[in-house]
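See below for the structure under consideration.
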Amino acid sequence: MLSFQCDYNNGAHEEIMHRLLETNGESLPGYGDDKYCISAKEKIRKACGREDAEVFLTVGGTQTNKIVINAFLGLSEGVVSADTGHINCHEAGAIEDTGHKVLTIPHENGKLSSDSLKKYLEKFFDDEAHDHMVYPGMVYISHPTEYGTLYTKDELKNLSEICRKYDMPLYLDGARLGYGLMSDGTDVTLEDIAELCDAFYIGGTKVGALCGEAIVFTNRKPPKRFFGIVKQNGALLAKGRLLGVQFDTLFTDDLYFEISRHAIKMADKMRDNFRKKGYEFFIETVTNQIFVVLENSKMEELKENVVFEFWERKDANHTVVRFASSWATREEDVEKLNELL
């Protein structure tokens with residue numbers, strides 16, 4: 001079977017597996033105090049162009065979002081998100097489990113627009129009864145979005161300006177950040193994100209690691225006793241070396257960016273193949289996620305040889321599905337898929 005279901009079905013990049021085996025016999029301090037965690041954090045700071053950034057390594061994306069959002073928000077505050085945001089749709093109520101509400105705004109191609117955010121905040125504070133309402137305490141975005149779309153640098157600047165006007169942290173979910181940064185269709189760099197966002201995370205789980213995410217705080221300090229918050233929420237590994245070795249490897253010789261670029265190259269090939277054969281796109285993307293409209297009969301035919309993701313029903317005879325490339329996608333598999341189309 002050919003697998004294009006998602007970008008985390010494979011294990012880890014072979015260089016990471018090599019380094020894990022190579023360092024396996026070493027006896028190292030726990031909880032992130034080992035030399036590999038320290039080195040990884042230094043390399044991430046350098047890649048962000050922010051030597052003053054504070055970095056924390058955690059085990060997964062949902063835990064990361066839950067921890068950062070809960071730590072930033074005060075009592076009776078909520079987090080503003082596009083209605084398609086991952087925290088609103090696909091995290092099993094993890095944010096609500098902390099006692100905070102996800103305050104949704106209709107998306108525009110998966111994105112939260114600055115105009116919509118501005119109008120939302122103006123309407124909230126113009127309401128004389130807003131003290132009785134859930135306060136918007138921070139803003140959540142993801143890059144790429146759930147629809148595989150990307151923010152432009154100007155869009156991030158506009159969101160950042162609004163957040164700073166209202167003294168609200170801007171937090172970016174970077175589960176697939178590498179694929180966004182390496183897309184030909186972006187003008188956003190890692191340094192831009194570090195400048196414009198107060199906190200973000202660099203996803204490892206979907207970009208070559210066995211597991212792990214790297215939270216980066218730039219324009220705001222981490223909430224008090226953040227290390228303890230990470231541990232309290234089950235996101236701190238006693239054997240922190242597992243995360244340290246992986247991120248140290250990913251940020252050595254630009255491996256993170258190199259393997260992300262490979263995924264984009266494979267996605268571009270798939271996208272061209274779909275287009276040449278006349279397939280309809282549900283939404284135009286430039287990242288590793290491709291949303292295609294299939295006739296139901298063709299969808300069932302492809303299922304015999306290909307694994308892909310159901311997205312939504314378009315009508316009685318057509319379905320929107322997602323094909324995703326990853327750091328591990330092989331060119332020969334892309335060609336086999338093309339033959340089946």
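Bear in mind that the values here come from a model prediction, so they are computed numbers and not experimental data.
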Checklist line | Pair Glu26, Tyr36: side-chain N/O donor-acceptor within cut-off below 3.5 Å | finding: yes
Item checked: Polar side-chain atom of His86 near backbone of Thr145 as donor-acceptor pair, under 3.5 Å -> no
Notebook entry, point to check: So, do His107 and Leu112 sit near enough that their side-chain heavy atoms are less than 4.5 Å apart?
Noted result: no
Next item on the list: Look at the aromatic rings of Phe281 and Phe274 and report parallel, tilted or perpendicular, splitting at 30° and 60°.
Entry: perpendicular
Notebook entry, point to check: In terms of side-chain heavy atoms, does His130 have a donor or acceptor partner in Tyr135 at a distance below 3.5 Å?
Noted result: yes
Next item on the list: Please state whether the rings of His143 and Tyr151 are parallel, tilted or perpendicular, taking 30° and 60° as the class boundaries.
Entry: tilted
Notebook entry, point to check: Have Asn65 and Tyr171 got a donor and an acceptor in their side chains that come within less than 3.5 Å?
Noted result: yes
Item checked: Aromatic contact, Tyr166 with Phe125 (centres under 6.0 Å) -> yes
Checklist line | Donor-acceptor side-chain pairing of Asp173 and Tyr201 below 3.5 angstrom | finding: yes
Notebook entry, point to check: Is a side-chain donor-acceptor pair under 3.5 Å present for Thr58 with Thr64?
Noted result: yes
Next item on the list: Assign the ring pair Trp327 / His13 to parallel, tilted or perpendicular, where the plane angle (0 to 90°) is split at 30° and 60°.
Entry: tilted
Item checked: Cluster overlap Ile44 with Leu243, hydrophobic side-chain contacts below 4.5 Å -> yes
Item checked: Centroid-centroid under 6.0 Å between Phe4 and Phe308 rings -> no
Notebook entry, point to check: Listed by chain and number, what are the side chain to side chain contact (heavy atoms under 4.5 Å, CB included) partners of Ile38, not counting sequence neighbours?
Noted result: Glu42
What pairs of donor and acceptor atoms, side-chain ones from residues 113-123 against any protein atom, are under 3.5 angstrom apart with sequence neighbours left out?
unit_1 : atom_1 : unit_2 : atom_2 : d
Ser113 : OG     : Glu108 : OE2    : 3.2
Ser113 : OG     : Ser116 : N      : 3.0
Ser113 : OG     : Ser116 : OG     : 2.8
Ser116 : OG     : Glu108 : OE2    : 3.4

Next item on the list: Answer yes if Val79 and Ile162 sit in the same cluster of Ile, Leu, Val, Met, Phe, Trp and Tyr residues linked by side chain heavy atoms under 4.5 Å apart, and no otherwise.
Entry: no
Margin query: Would the distance check show the side chain of Asp315 and the main-chain N or O of His318 forming a donor-acceptor pair, the cut-off being under 3.5 Å?
Written below: yes
Check: For Tyr179, is the NZ or CZ atom of Lys206 found under 6.0 angstrom from the centre of its six-membered ring and inside 45 degrees of the ring axis?
Finding: no
